[in-house]
J.: 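Below is one structure. I have some questions about it.
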Amino acid sequence: MSVSGHLSAESKLDWWRSAAIYQVYIRSFADGDGDGIGDLAGVRSKLGYLADLGIDAIWFSPWYPSPMDDGGYDVSDFRGIEPVFGTLADAEATIAEAHALGLRVIIDIVPNHCSDEHRWFQAALAAGPGSPERERFWFRPGRGPDGDEPPNNWPSRFGGSAWTRITEPDGTPGEWFLHLYSSRQPDFNWENAEIRAEFEDILRFWFDRGVDGFRIDVADGLVKDPALPDIALTGDESAYSDQDGLHDIYRSWRKIADSYPGNRILVAEMWLPDMSRAAQYLRKDELNSAFNFDFLVCPWDAARFRDVIEKTLEAHAAVGAPAAWVLSNHDVTRPVTRYGRPGDTGFAFADRLHGTPVDRALGTRRARAAALLAMSLPGGLYTYQGEELGLWEIEDIPSELRQDPVWERTKHVDPGRDGCRVPLPWSGSSSPFGFSPAGAETDPWLPQPAVWSEYTAEAEAANPGSVLELYRAGLKIRAEEPALGDGELAWRGDDDGVLSFTRDPGFACVVNFSVKPVSLPDHEEVLLASGSLVHGLLPPNTAVWLRLR
Ligand code: NOJ
Ligand code: MG
């Protein structure tokens, strides 16, 4: 196992600048108790698999008590564990066991909103207009003579209006509350000092329990323009995204993280249009890193990739922060499917190009090449569960089984994100493929396709040409090569359709996006390739790592 020692090396202050971090979406990862839903017992049974994969840390999507309207991003208690997943003691054991294997643990924090079942929201509903309880959220009277129009025109990011009207305790139609996501996810009012104090306390609660960092959900959205102005519906989200007031919040969070030993970190989820503004959150007294989504959405095109990589490295260098490369997560169409769509289409929300044909063999070749590219770029790396098995988007989930609120809120325009959340196949030849224990009576919470028998971790581990073996080999080299992880790259040449760069000492990566085989630079050894070389040439849709002379 290549990762042991990472934790004991307290001196490795900057572990996160190079870290390979694996995202566990608990309810789809592994089910220990046989109820068809992943849980912490399942996670604990697979920690050895994660350590063998060669990652440095695990990021857990929210594990808090939640009615699961939005897969746990609707939190009803920030200091507990969802009973379907386990107990607080299970979470502490998970952290301890991961640490013992040399794996760090990052957890999700969801500061923009909570569940409508959170005690503070329930108290706000009961307390009535003008009460301090309502001041923790954004309650406003409606517009129009009867107050039956929303207070402003902000759209929910899940479709429809960002406002929902409540019924007051006396039974009359009442105020409206703001929710940038589903109507079961009320937004907190970060102008309120109580909210700030509460989240600082929540950070400490989990740091005290040994977590190594937080992934901050909707990190760009906490602060709103308090005037709540109407916006131009042209995609300009500046009234509720990337507001200057956010920086103070993250400075205070960083002080808390830095007050703990062992280099605890804060990672932002933000989809911002302006990379240089995004980088401002990564100044040395703010957040440690932020996902790079421009890379994720980039179409399969050498020049476009080069542009994204250059701009990313430049923006990050300006603030001394490492980039964090991401190919997938629980919100986006899986890479095999994205790259297998016709043409060189990138990823788009809205309808996700759902239903357009997919060439899965092509998508897999490209996803393999993209993985080697992402693993060899300067900075950190995030891998979403199932990416290492080469899983694709499941697009034929029957309508009545879909659970993502996006599906209903967009009136069935956007199928939502269930297709990348289908429970993982671990072993065996039929569903539940080892996701649930043998003999479990309840099916996995989303149906698994029969052909996944060839894509279980067990089947792939025995197959040298599998995506799993490529990830294992790639992550191992990545951990051992001094040239990889944090640092710099130098571009080689400007060939049409080819991305080629070197990293010191003695490493090169070449990715062929063109339609014809290309020759390789002079090298001593092929370290790894995402597909076989043909007469020494690099075929289309293939990446190779070289040891240079
Ligand atoms: C981003 C999360 O990744 C997504 O799953 C969630 O629905 C939204 N934030 C709202 O919390
Ligand atoms: Mg379970």
Side-chain angles (χ1 to χ4, degrees), residues 23-46 59-64 66-76 78 81-87 90 106-116 118 156-159 162 178-188 214-222 237 240-241 267-272 290-291 293 296 326 328-333 349 382 384 403-407 409-410 414 416-421 423-424 426 432 434-437 439-446:
Q23 180 190 355
V24 170
Y25 189 73
I26 299 173
R27 55 179 189 148
S28 304
F29 187 68
D31 169 24
D33 65 0
D35 64 355
I37 303 173
D39 48 42
L40 289 174
V43 168
R44 288 165 71 185
S45 72
K46 302 296 183 195
W59 147 35
F60 289 107
S61 281
W63 57 14
Y64 313 106
S66 164
M68 296 284 155
D69 180 56
D70 182 22
Y73 285 90
D74 48 322
V75 177
S76 48
F78 290 93
I81 294 293
E82 164 58 35
V84 170
F85 293 165
T87 62
D90 294 331
I106 293 171
I107 63 172
D108 230 297
I109 189 161
V110 189
N112 182 67
H113 48 262
C114 59
S115 160
D116 59 351
H118 190 282
S156 154
R157 287 179 176 153
F158 284 172
L178 176 70
H179 53 86
L180 288 184
Y181 294 90
S182 95
S183 57
R184 302 203 52 194
Q185 293 169 292
D187 279 49
F188 283 120
F214 290 89
R215 174 266 190 194
I216 307 167
D217 187 63
V218 199
D220 62 298
L222 281 45
E237 299 196 323
Y240 50 84
S241 174
V267 183
E269 185 228 12
M270 11 177 121
W271 297 75
L272 294 185
F291 302 131
F293 292 122
L296 185 155
V326 190
S328 66
N329 63 33
H330 63 294
D331 292 329
V332 300
T333 305
F349 278 106
Y382 284 81
Y384 172 52
Q403 305 217 2
D404 187 350
V406 167
W407 173 238
R409 290 193 62 90
T410 63
D414 184 335
R417 303 160 292 178
D418 294 318
C420 64
R421 299 174 177 180
L424 289 194
W426 290 98
F435 170 72
S436 296
E441 280 173 14
T442 316
D443 288 337
W445 67 278
L446 287 171

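These values consider heavy atoms only, across backbone and side chains, with no hydrogens, waters or symmetry-generated copies. When a ligand or atom number is given, it counts from 1 through the structure's own listing order. Quantities reported herein were computed from a predicted structural model and do not represent experimental measurements. This chain uses plain numbering: 1 for the first residue, then up along the sequence.
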J.: Please find the N/O/S atom of D35 nearest to the Mg ion (ligand 2) and write down its name.
T.: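 Atom name returned: OD1.
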J.: When you measure from the Mg ion (ligand 2) to each N, O or S atom of D39, which atom gives the shortest distance?
T.: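 Closest N, O or S atom of D39 to the Mg ion (ligand 2): OD2.
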J.: To make sure I understand the geometry: which N, O or S atom in D31 is closest to the Mg ion (ligand 2)?
T.: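 Relative to the Mg ion (ligand 2), the closest nitrogen, oxygen or sulfur of D31 carries the name OD1.
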J.: One thing to verify: whether D331 and R421 come together as a salt bridge, which I'm taking to mean a side-chain N less than 4.0 angstrom from a carboxylate O.
T.: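 Looking at D331 together with R421, the answer is yes, because their closest N to O distance falls below 4.0 Å.
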J.: Check this for me: does any side-chain nitrogen of one of D414 and R409 sit under 4.0 Å from a carboxylate oxygen of the other?
T.: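 No, D414 and R409 are not salt-bridged.
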J.: Taking only Lys NZ, Arg NE, NH1 and NH2, and the carboxylate oxygens of Asp or Glu, determine whether R157 and D187 approach each other closer than 4.0 Å.
T.: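 Salt bridge absent between R157 and D187.
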J.: Between F214, F291, Y25, which is the residue that forms a ring pair (Phe, Tyr, Trp, His ring centres under 6.0 Å) with W59?
T.: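 Only one option passes, and that is F291.
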J.: Which protein residues have a heavy atom closer than 4.0 Å to any atom of ligand 1, listed by chain and number?
T.: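 Protein residues near ligand 1 are D70, Y73, H113, F158, Y181, R215, D217, V218, E269, H330, D331, R417, R421.
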J.: Kindly say whether the aromatic ring centers of Y73 and H330 come within a distance under 6.0 Å.
T.: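 Between H330 and Y73, which both carry aromatic rings, the centre distance is below 6.0 Å.
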J.: Partners of F85 by ring pair (Phe, Tyr, Trp, His ring centres under 6.0 Å), sequence neighbours excluded?
T.: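 Result, ring pair (Phe, Tyr, Trp, His ring centres under 6.0 Å) vs F85: none returned.
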J.: Assess whether a salt bridge exists between R184 and D74, defined as any Lys/Arg side-chain N lying under 4.0 Å from an Asp/Glu carboxylate O.
T.: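 Result for this pair is no, no salt bridge flagged.
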J.: Specify which N/O/S atom of D33 comes nearest to the Mg ion (ligand 2), by atom name.
T.: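 Considering only N, O and S atoms, D33 comes nearest to the Mg ion (ligand 2) through OD1.
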J.: Between F188 and N112, does the side chain to side chain contact (heavy atoms under 4.5 Å, CB included) criterion hold? Intermediate values first, please.
T.: CA-CA 6 Å; F188 283 120; N112 182 67; over 6 Å; no
J.: Mind checking whether the Mg ion (ligand 2) has an N, O or S of I37 under 2.8 Å?
T.: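 Yes, within the cut-off.
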